[in-house]
Each structure stands twice: as C-alpha cells, then as structure tokens.
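Residue numbers begin at 1 in each chain, while the letters A, B, ... track the order of the sequences. Just so we're clear, the structure is a prediction, and the values are computed from it rather than from any experiment.
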Amino acid sequence: MRELEKVYNPKAVEDGIYDKWEKSGYFNPDNLPRQAKPRQGRGKSFSIVMPPPNVTGTLHLGHAVMLAVEDILIRYHRMRGERALWLPGTDHAAIATQTKVEKLLKERGGKTRHDLGRDKFLDEVDKFITSTKSTIKNQVRKMGSSCDWSREAYTLDEPRSRAVRTVFKMMHDDGLIYRGERIVNWCPGCGSTLADDEVEYKTQKAKFYTFKYSPDFPFAISTTRPETKLGDTAVAVSPKDERYKEYVGKIFKINFVGVPLKIKIIADRSIDMAFGTGALGVTPAHSMADWQMAEKNNLPIIKVIDEQGKIRPGFAEYSGKSTTEAREKIIEKLKAAGLLEKEEEIENNLSVCYRCGTPVEPLPSLQWFIDVNKKILKYKKSLKELSLEAVKKGVFGQKKIKIIPERFEKVYFHWMENLRDWCISRQIWFGHRVPVWYRGAEIYVGVEPPQGEGWKQDPDTLDTWFSSGLWTFSTLGWPEKTKDLKNYHPTSVLETGYDILFFWIARMILMTTYVLGDIPFYNVYLHGLIRDEKGRKMSKSLGNIIDPLDMIEKYGTDAVRLSLVLGTSPGNDTKLSDEKIAGFRNFTNKLWNIGRYVIEKTKGESGNKKLAAKTLAEKWILSRLNSVVNEVTKNLDEFEFSQAGEKLRAFTWDEFADWYIEISKIQSNPSLLVTLYSLLLKLWHPFMPYVTEVLWPNFDEKLLMISDWPKVEKKLVNKKAEKDFEVLKNVVTAIRGMRADYKIEPAKRVSIEIFGGIKTKLLEEQAGIIKTLARVENLVIKKSGTKPEWSVGSVVEGVEIYLPLAGLIDVPKEKARLEKELSEAEKYLGVLENKLFNKAFLANAPKELVAGEKEKLKLQKEKVQKIKDQLKSLS
RNA sequence: GGGCUCGUAGCUCAGUUGGUUAGAGCGUUCGAUUCACAUUCGAAAGGUCGGAGGUUCGAAUCCUCUCGAGCCCACCA
C-alpha cells in the first residue's frame with residue numbers, strides 16, 4: 001500500500017496523472033472498453049464541442065469555468081458508459097489576432113500591414129500563431145480537461161475553411177447571400193472600416209445649429225453637422241407632432257446654400273418631438289438611423305463625404321473641402337441669408353477610432369449580406385423562422401433546443417425576432433477570404449478558385465461568426481459524410497458564457513438548421529461571468545485579474561474547479577476570491593485525509609460487491625449514500641452542478657467523515673468502509689478528477705476515470721434508519737453539549753439506547769457521562785429489559801439511558817408552531833369539506849376535478865391527524 | 001425608449017412546481033487537541049427574506065405598485 005503524505009500536494013501528482021489519462025487513450029471515445037454487462041448509458045453517445053479559445057490568448061477564468069463545467073459533464077457521462085466525446089479546438093479570432101500582430105509590428109519596426117502587403121502580413125500572423133497555439137492548449141490540459149486531442153480542430157485549418165466555402169456557395173446558390181450597400185464605421189485616419197467594438201465614444205461639447213434649409217422651406221431643423229445636410233433627402237418628424245402634420249408626404253424642391261435638394265417630409269416614430277425643433281434632416285448616406293429610414297421610405301441616397309473625409313465632387317464650392325471647412329462655410333452662408341435661427345452649445349457623444357482617435361465617418365460601402373427573411377425553397381421557411389422554431393417549438397421532427405437558464409430563451413426570441421440581415425464581410429486580411437472571384441463583369445462563386453486567367457478574388461474576409469456558426473458540424477468532418485457526424489451530431493450540450501448568446505449561439509442555430517436541416521445541439525448551458533470579490537469585471541487596468549494558472553499553482557486544479565462550479569448558478573455572475581478557493585483547497589485536503597484513513601484501515605480489503613448493513617450506523621450511511629447517489633445523478637442530468645457538488649460536500653464532510661468514520665473506529669467493518677469510500681470517489685471524480693484518481697484504490701490496475709458511475713440501490717434507502725440515526729446524533733450532541741454545561745429542560749422522556757461509543761472519547765468516558773446524565777433532572781438510568789421506544793444500536797454495559805428529548809427542542813415554541821399549523825390545516829379541511837358537500841359543485845364540475853378534490857380531502861385529513869398526534873406527544 | 005435580471009445572516013450565495021422551526025460556506029465569539037486531517041474537531045451568536053398592498057387555509061416563493069442595484073439592445077439629429 002502506498003504511503004500518503006499528511007497533506008495533499010497537488011503539484012506533485014497532477015501532471016503525471018494527466019499524462020496517464022492522455023496516454024490511456026480514453027479521452028477518445030472510440031477507445032473506451034466495451035463492458036461485459038450493460039451499463040446505464042451504454043451505446044448512447046454524448047458530445048460537446050469546446051467553444052474554441054483564441055489562438056493567441058492565454059487561459060482566463062472564463063475559459064476555466066467553461067472547462068470545469070464541460071469536463072464534469074464529459075467525465076460523468078463517460079462513467080455512465082456513454083461514448084463521451086469532447087472535441088477541443090482553437091479560434092483564429094480574426095480581428096483580435098490581426099490587431100495584436102499589427103501592434104507587434106508597430107513596436108518592432110513601426111511598419112503597418114500596408115507596408116508589408118497582404119501575403120507577407122499573413123505570414124507574420126502565421127508565425128505568431130504557431131508560437132502561441134501550444135501555450136493555450138497546454139493551459140487547457142492544466143485544468144484536467146479530458147478532451148479528445150486526436151480530433152482537435154482550428155477554425156482556420158483546411159477542413160474548416162472548406163466547410164466555410166461550401167456553406168457560402170450553398171447560401172449564394174439559394175439566393176440567401178447578396179451584395180449590398182450599408183453604412184459602416186469608416187476611419188479616415190486609418191483608411192479602414194471599424195467594427196462596432198472598435199469605436200470609442202467621447203463626450204464633447206459641440207455647436208448645435210438650428211436653421212432653415214432655405215427661405216421657401218416651411219420650418220427649421222437642428223443639427224451638429226450642417227455639412228452632411230448637403231445629402232439630405234428628407235425631413236423626419238414625429239407622427240404625433242401637430243406642428244408638422246400638414247406637411248407630411250409633401251416634397252420640397254429647394255436650394256440649400258447653393259446646392260439644390262429635394263426634401264420629402266416623412267413621419268417616423270423614432271423622432272423625439274422635444275429635441276431641437278422636433279424635425280430631423282435625414283442624411284441616408286452618413287447616419288445609420290437615417291439609412292434605415294431611407295430604406296423604409298424608399299428615399300434616394302446621396303453620398304456627400306468620401307473616404308478621405310472630404311466633400312465629394314458635385315457640391316458646388318464645397319467639393320474637395322474638409323468636413324470642418326465645409327461646415328464653417330455653410331454656417332457663414334446661412335448667417336448671411338438670415339436662415340440661422342439658433343446656435344447653442346450642447347454635450348454630445350462623438351465616435352472616434354480606438355486606434356488613432358480620428359472621428360469616425362459613417363459611410364455607405366459595398367458588403368456581403370445574408371438575407372434572414374427570404375424563404376428557403378427546401379424548407380419553405382426563412383432562416384429567422386427556422387432559428388426561432390428550433391428553440392420555441394422544435395423543428396425537423398420537433399427536435400427542440402433547451403436553453404439553461406430558461407430566461408435566456410426570452411432574450412433569444414427578442415433578439416431573433418428583431419434580427420436584420422447579417423453583414424458577413426469584413427475589411428481585414430486575416431480570416432476566411434470571401435470565396436468570390438471577379439473578372440471584369442463576371443462573378444464566380446465557388447469552393448475552389450475558378451479556372452482561367454485574370455480572376456481576382458474579393459479582398460474581404462468573412463465575419464468570424466460565419467465560421468464559428470458551423471463549429472458543431474465542421475469539427476465533425478462536414479461536408480464529408482463522416483461517421484463522427486452521424487454518431488455525435490446534434491451535439492448534446494453547448495456550454496458557454498451568456499455574453500455570446502447572440503454572437504455565437506444564435507449564429508450556430510441559424511447556420512446549422514439551414515445547412516444540415518437539424519439542430520446543432522439539444523441543450524445550451526450558459527454560465528455566468530466571473531467577477532472579483534467586489535463584483536467588478538476583471539480587467540488589466542483595475543489590476544484585479546485572478547489568473548487561474550496562479551491559483552492552480554497555489555491551491556491545485558481540483559480546488560480551483562470546485563470554486564468555479566460550486567456556489568454558482570447558470571446565467572448569474574459569480575464573485576471569486578482567494579479565500580473561496582482556499583476553502584475548497586481545505587476540502588480537497590479533507591478528502592485526502594479520508595483517503596489516508598481508509599487506506600490505512602482497510603489494508604488488503606477489496607470491498608463488497610453486495611452492500612449489506614448490520615448495525616444502525618451502517619443502515620444509516622448506506623441509506624444516505626444511496627439517497628445522495630440518486631440526488632446527485634438527478635442534479636447532474638439537470639445541469640445542477642452546484643447543487644450536486646454542495647450535496648456531495650455536505651455528505652462527505654458532515655456525514656461520512658464526521659459520523660461514519662468516527663463510528664468506524666469502534667464498529668469496524670473494513671470491507672464496507674472501503675466500498676463506501678470507492679463509491680464516494682466515483683461521485684467526486686467528475687468534479688475533482690485529480691485527487692480522486694490518486695486516491696483510487698485500484699489505481700494501478702484500472703483508472704477511476706473509466707469506472708462505472710454508482711447505481712442507486714433503492715432497497716438500501718431506509719428512511720426509518722435515517723430518522724433513528726438523527727435521534728442518535730441529537731443525543732450524542734446533547735451529551736457533548738452537556739459536558740460544556742449544556743442545559744436540559746425537563747420534559748417528556750424518550751428511551752434511547754446509546755450504542756458503544758460514538759467517539760473514542762465517549763467510550764473512554766462512558767461511566768462519567770452516565771453519571772453526569774443521572775444528575776440531570778428527569779433523567780433515569782434503568783437496567784435493560786424495558787422496551788424502548790426507539791431501539792437503536794447496542795446497549796452500553798447493559799444500561800439504557802432515558803434522555804429528555806425535549807432538551808433538544810424548544811417545547812413551548814414547538815407547541816405554538818404546531819397549534820398554528822393545526823388551525824390552518826383545519827381551516828383548509830373545512831373549505832374542502834364544504835366544497836364536496838356543495839351539490840352545485842358536484843353536479844357541474846368535471847369528474848377528474850371532483851376526484852382530485854376528494855383525494856385532497858383525504859390527504860388533508862391525514863395531515864390534520866398527524867399534527868394532532870404530534871401535539872399529543874409533546875404534552 | 002425596448003427587454004432582462006437581482007435585492008434572503010457582517011460577507012458570498014442556496015432555497016426545485018406556494019407547505020414542518022428559511023439553509024450553507026466564509027467571517028465573528030467560546031471551547032477542544034498525541035490516536036486520518038490545525039488545510040482539524042465541537043458549540044454559540046447572528047435574518048420582521050428591500051418596502052407596501054393583494055391572492056390563498058397558508059407567501060421568501062404567485063400578482064400589482066414602489067424603492068434600490070446591475071446587464072443587454074436601440075438611440076444620442
């Protein structure tokens with residue numbers, strides 16, 4: 001038998017164990033041994049695809065939670081005998097990675113990607129990735145993740161790229177992909193488009209002008225950007241606004257500071273009557289909101305500003321001028337013409353580029369889109385409809401996606417119902433290049449480049465979420481018809497943070513229902529975000545980042561995993577502190593010491609196959625264990641990890657260690673002890689894989705990782721034994737308390753046998769204790785022979801101890817409570833009786849209802865009687 | 001403006017469809033200690049479940065209003 005250190009030292013064992021697991025090959029479900037006897041989940045497959053961490057990133061707590069939860073699921077289902085596949089991968093994270101490499105290049109020699117050119121720049125990115133990819137993968141291993149590395153995928157590798165091109169072509173052929181104009185955030189400084197999250201907002205003071213376009217226009221508008229008004233094609237007012245009602249629908253041909261405009265008056269609900277004059281000049285080409293209004297009202301779109309931030313040709317003297325110059329000039333002219341009514345200072349939000357600080361210019365540009373409302377021929381439904389039904393009522397033979405926690409289904413519907421066409425092109429270089437080639441007026445869309453000379457590929461790349469949307473099936477080999485795809489798709493669970501519900505989960509549902517005619521997964525489990533102990537987001541600038549790897553170093557992986565899963569609930573943020581992890585480290589050590597004790601006491605014991613109990617304590621612990629197995633299994637099936645862990649922790653520490661182990665020191669039953677112990681390790685294994693594997697008695701022959709999940713033996717659940725043991729615990733507690741001047745109130749006596757030594761100390765001091773008890777009022781010591789009310793355990797030296805149970809409960813309080821309960825129960829009983837005597841009710845109510853009420857009445861009668869009995873037994 | 005969530009012990013949170021005396025961990029206080037474990041063991045104190053009203057025989061739980069905290073989306077002319 002192995003010698004175990006007094007204190008568990010995770011560092012000494014973790015890497016070795018992970019190695020052993022990985023080398024065993026069991027992370028790959030194809031290698032799992034076939035069991036002779038059928039197991040609970042045999043033959044079923046269970047699959048999770050890992051949300052791929054960014055290739056260039058390092059492991060953070062978000063990843064750590066994800067890995068902990070997914071590993072619990074995989075290990076649990078593997079132990080159930082299922083083919084459990086956890087498919088790992090990494091994400092190329094287009095924008096983030098490109099930005100990072102650009103920054104590096106700048107630091108190294110001040111070069112931009114434009115200096116290098118596309119090919120050389122992408123080489124640089126590749127170089128960077130090869131050096132960072134292994135880092136993140138090793139960190140995933142550190143968490144104990146039992147994922148199948150042989151199936152590892154990368155969003156930008158060839159199989160995945162092929163899937164992307166294939167889907168693009170499919171959608172294009174189905175007419176779901178189109179090219180159109182849309183307003184993008186354009187930075188004239190960097191000469192590129194910006195993603196929404198690359199735009200920063202600065203509060204600034206701005207001049208807010210109120211003026212009429214021309215003397216013959218009936219009313220004034222307000223703006224901070226008069227120069228864009230050169231492109232106005234409408235004025236929008238609130239439909240409720242009485243001031244302008246008469247003008248709605250009319251068209252005015254006017255001359256605005258030397259430029260002719262055709263302005264239509266439209267009504268739009270988004271207009272705030274109280275802001276400015278309540279009338280908004282609509283500039284479709286240079287404002288996102290105005291663009292939408294233009295689409296709704298079929299307004300012409302006039303581009304005013306070009307990519308350099310200058311006024312385009314065709315706007316009289318303003319052409320070629322910068323926006324600020326044009327603005328000043330226009331104001332001058334308006335003043336001269338007496339059209340400027342007001343000029344005030346206001347605070348507004350200016351959007352600027354996060355890199356160079358240049359104000360962002362919204363400009364229309366040509367982009368690729370996915371039409372979410374167009375009916376797909378083979379389904380006769382649109383992408384939006386498919387995606388909604390998948391969660392709402394089920395699609396494709398009623399396969400339904402369940403989102404946990406449920407409230408996020410509402411959030412999902414709300415978002416999906418308001419879904420607009422999805423812009424999938426991005427003006428960056430790193431990523432999946434749009435598989436479209438041009439030659440003059442010819443356009444070619446295909447999985448492979450076209451034959452022939454002179455074709456030029458579209459320079460844009462695809463939104464990362466396009467490839468991520470295919471993740472559940474591209475990782476399983478699609479578009480090939482693979483065995484994996486057949487066996488493991490739809491996947492069982494998709495587990496991730498709620499912050500990417502829209503970005504990712506919604507896109508996966510959208511893409512998968514379209515491509516496969518199937519759902520991507522049955523369950524979505526959304527974990528919360530991890531915050532610091534004050535509830536703040538972790539960020540570099542606050543310096544409050546907890547690095548999971550530091551914590552693993554300090555407390556061990558198992559403790560870190562527990563701290564991320566216990567005391568958390570899905571969709572809710574969790575506060576994490578050093579102390580919390582330390583607390584779970586203590587628990588890991590507790591389990592370790594339970595192991596030390598059991599291993600030492602049960603040398604040479606192999607454990608029972610059949611569980612049987614003789615003494616009360618054994619009946620009790622077996623009953624409790626089976627209840628716990630039952631509940632924990634249920635919890636894990638329902639994704640209630642925290643509750644499962646909490647129950648296990650309470651059972652392990654408060655019942656198994658504090659009571660059963662203490663008793664086992666006197667009532668020795670090594671084979672039962674080692675059996676219980678091995679079941680306990682199995683139950684804990686999904687949560688804390690390392691320490692349980694080290695403590696596993698069969699360590700050298702068979703891994704705990706692939707042992708069978710405990711089965712519930714209903715026969716062993718013994719509620720009476722549990723109740724009796726509770727009484728016994730109370731008695732022992734009372735005795736302990738007495739030694740510390742515990743007061744026992746005189747009351748009804750209950751006969752209890754205290755069996756031999758709950759603790760060693762008690763055994764040694766039995767005589768003393770009995771004497772102490774005898775001195776207490778109302779306590780009688782009798783020779784055995786009389787029939788005790790509860791008969792528990794063995795008799796101490798032939799003596800029964802009559803202990804006032806009331807010392808353990810507050811009699812007057814208990815009485816008052818029961819009386820209140822009785823009066824309520826009797827009142828309800830009366831209500832039920834009245835109902836059942838009511839002829840009208842009996843005549844009109846449906847049969848089932850009457851039967852139900854009768855059943856209720858019966859139950860209520862029993863309840864009343866029970867309370868009465870309890871009351872009686874008290875006095 | 002639209003949507004969502006939370007408010008329970010000093011702190012962090014459980015509390016499953018309404019139903020015994022509202023629970024746990026940490027912290028605090030008191031006590032113990034060779035015998036698996038000081039990363040231990042025993043015990044105590046601490047809550048009108050944010051507030052008001054309603055439904056009910058019965059509400060932390062359901063409904064309405066209200067106060068407070070936060071998140072997401074849209075917008076910021």
Side-chain angles (χ1 to χ4, degrees), chain A residues 4 6-8 201 203 208-209 221-225 228-229 235-236 269-272 275-283 287-290 346-351 405 407-408 410-411 413-415 418 498-499 501-502 529 533 535 555 559 566-569 571-577 579-580 582-601 634-635 638 640 642-643 646 649-650 654 657-658 661-662 665 733 736-737 739-742 759-761 809-810 813-814 816-818 820-821 823-832 860 863 866-867 870:
Chain A
L4 298 179
K6 241 182 156 178
V7 172
Y8 174 53
Y201 297 93
T203 317
F208 190 54
Y209 304 99
I221 57 152
S222 305
T223 183
T224 51
R225 301 200 57 191
T228 63
K229 301 292 108 185
V235 164
R269 276 176 45 214
S270 67
I271 303 301
D272 179 0
F275 194 89
T277 60
L280 161 73
V282 181
T283 322
S287 150
M288 306 253 184
D290 294 8
I346 59 158
E347 289 229 322
N348 79 342
N349 265 336
L350 180 69
S351 17
R407 69 183 143 90
F408 280 99
K410 270 192 251 176
V411 182
F413 295 142
H414 184 247
W415 185 82
N418 295 310
Y498 65 79
D499 49 335
L501 178 66
F502 306 134
L529 309 181
E533 52 209 306
Y555 299 114
L566 270 66
T568 71
S569 54
N572 290 328
D573 294 353
T574 312
K575 289 176 188 143
L576 186 69
S577 60
E579 293 80 54
K580 189 174 171 187
F584 285 110
R585 186 267 324 268
N586 294 359
F587 178 73
T588 323
N589 194 56
K590 183 75 186 178
L591 196 66
W592 174 261
N593 272 296
I594 289 172
R596 282 181 70 208
Y597 172 82
V598 174
I599 288 169
E600 192 191 310
K601 290 280 168 181
K634 237 182 242 164
N635 284 148
E638 303 282 321
E640 294 158 349
S642 180
Q643 286 176 53
E646 219 28 75
R649 193 197 49 74
D654 304 340
D658 288 355
I661 284 194
E662 291 308 320
K665 288 173 182 169
T733 306
R736 280 176 184 158
R739 282 163 57 205
D741 292 330
Y742 193 92
K759 292 203 71 153
T760 328
K761 283 285 170 198
I809 49 174
D810 186 333
K813 204 176 153 191
E814 176 71 0
R817 184 187 67 77
L818 281 170
K820 189 184 159 220
E821 203 181 318
S823 86
E824 279 168 2
E826 279 180 330
K827 229 193 269 178
Y828 186 39
L829 188 66
V831 171
L832 284 172
Q860 195 63 20
K863 195 176 231 169
K866 203 176 138 198
I867 299 170
Q870 280 177 9

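Atom CD1 of Ile599(A) and atom P of C37(B) are 14 Å apart (whole Å). Distance OH (Tyr597(A)) to P (U39(B)): 22 Å, rounded to an integer number of Å. Distance NZ (Lys590(A)) to P (G25(B)): 13 Å, rounded to an integer number of Å. Look at CG on Asp654(A): it is 13 Å from P on U40(B), rounded to the nearest Å. The CH2 atom of Trp415(A) sits 17 Å away from the C1' atom of C71(B) (whole-angstrom rounding). Trp592(A) places its CH2 atom 16 Å from the P atom of U40(B), with the value rounded to the nearest Å. Rounded to an integer number of Å, the gap from Tyr8(A) OH to C37(B) P is 19 Å. As a whole-Å value, the separation of Leu280(A) CG from A77(B) P is 9 Å.
Comparing C71(B) with C62(B), their C1' atoms are spaced 25 Å from each other, to the whole Å. The gap from the P atom of A36(B) to that of G31(B) amounts to 26 Å, rounded to the nearest Å. With P as the reference atom, U66(B) and U29(B) are 44 Å apart, rounded to whole Å. Rounded to a whole angstrom, the distance from the C1' atom of G42(B) to that of U5(B) is 41 Å. Using atom C1' as the reference point in both A9(B) and G18(B), the two lie 24 Å apart (nearest Å). Nucleotides U16(B) and G7(B) place their P atoms 12 Å apart, quoted to the nearest Å. Separating the C1' atom of A14(B) from that of G23(B) is a span of 7 Å, rounded to the nearest Å. Separating the C1' atom of U20(B) from that of A60(B) is a span of 16 Å, rounded to the nearest Å.
With A36(B), A77(B), C41(B) as the candidates, the nucleotide lying closest to the side chain of Lys601(A) is A36(B). Each of A24(B), U40(B), C4(B) was ranked by its minimum atom distance to the side chain of Arg407(A); first place goes to C4(B). Considering only side-chain atoms of Lys827(A), the nucleotide from U39(B), C57(B), A77(B) that sits closest is C57(B). In the set A36(B), C57(B), G25(B), the nucleotide with an atom closest to the side chain of Arg596(A) is A36(B). Comparing G2(B), A24(B), U40(B) by their nearest atom to the side chain of Asn586(A) picks out U40(B). Among the nucleotides C37(B), C75(B), G19(B), the one closest to the side chain of Ala289(A) is C75(B). For Met288(A), whose side chain is taken as the heavy atoms from C-beta onward, the closest listed nucleotide among C75(B), U40(B), G3(B) is C75(B).
Taking CG of Asn589(A) as the reference point, atom CD1 of Ile594(A) lies at 10.0 Å (rounded to 0.5 Å). Rounding to the nearest 0.5 Å places CD1 of Ile221(A) at 13.0 Å from OH of Tyr209(A). Note: Asp654(A) CG to Arg649(A) CZ = 6.0 Å, rounded to the nearest 0.5 Å.
Under the Watson-Crick and G-U wobble criteria, each requiring two contacts below 3.5 Å, nucleotide G31(B) is paired to C41(B). Here G1(B) sits opposite C73(B) as a Watson-Crick or G-U wobble pair (both hydrogen-bonding atom distances under 3.5 Å). In this entry A24(B) has U12(B) as its Watson-Crick or G-U wobble partner, both defining distances falling under 3.5 Å. The partner of C6(B) is G68(B), by the rule that a Watson-Crick or G-U pair needs both atom distances under 3.5 Å. Base pairing analysis places G53(B) opposite C63(B); the two distances defining the Watson-Crick or G-U wobble pair are each below 3.5 Å. Under the Watson-Crick or G-U wobble criterion, with both distances below 3.5 Å, G47(B) has no partner in any strand shown.
Base contact: Ile661(A) has a heavy atom under 4.0 Å from a base atom. Residue Ala657(A) is classed as a base contact, given a heavy-atom separation below 4.0 Å to a base. Among the atoms of the strands shown, only primed sugar atoms or phosphate atoms (P, OP1, OP2) are found under 4.0 Å from some heavy atom of Phe208(A). When heavy atoms are screened at a 4.0 angstrom cut-off, Arg225(A) is found touching no nucleic acid atom at all.
Judged by closest nucleotide on RNA chain B, Lys580(A) is the one of Arg585(A) and Lys580(A) placed further toward the 5' end.
Take Asp573(A) and apply the side-chain contact (heavy atoms from CB on, under 4.5 Å) test, not counting sequence neighbours, and it matches Tyr498(A), Leu529(A), Arg531(A). Partners of Ser351(A) by side-chain contact (heavy atoms from CB on, under 4.5 Å), not counting sequence neighbours, listed by chain and number: Val199(A), Tyr201(A), Val360(A). With sequence neighbours left out, Ala289(A) forms a side-chain contact (heavy atoms from CB on, under 4.5 Å) with Ser287(A). Not counting sequence neighbours, Arg585(A) has no partner by the salt bridge (charged side-chain N to carboxylate O under 4.0 Å, His left out) test. In terms of the side-chain contact (heavy atoms from CB on, under 4.5 Å) criterion, residue partners of Ser569(A) (sequence neighbours excluded) are, by chain and number, Asn572(A).
The side chain of Lys410(A) places an N or O atom within less than 4.0 Å of a non-bridging phosphate oxygen (OP1 or OP2) of U5(B). Considering only side-chain N and O atoms, Lys6(A) lies under 4.0 angstrom from the phosphate OP1 or OP2 of C37(B).
Without hydrogens or angle criteria, Asn635(A) side chain to Glu640(A) main chain gives no donor-acceptor distance under 3.5 Å. Of the possible polar contacts, one joining the Ser642(A) side chain to the Gly567(A) backbone as a donor-acceptor pair under 3.5 Å is found.
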Can you tabulate the close N/O pairs, meaning under 3.5 Å, that link protein atoms to atoms of nucleotides 13-16 of chain B?
from   : atom 1 : to        : atom 2 : distance (Å)
C13(B) : OP2    : Lys575(A) : NZ     : 2.9
A14(B) : OP1    : Ser569(A) : OG     : 2.8

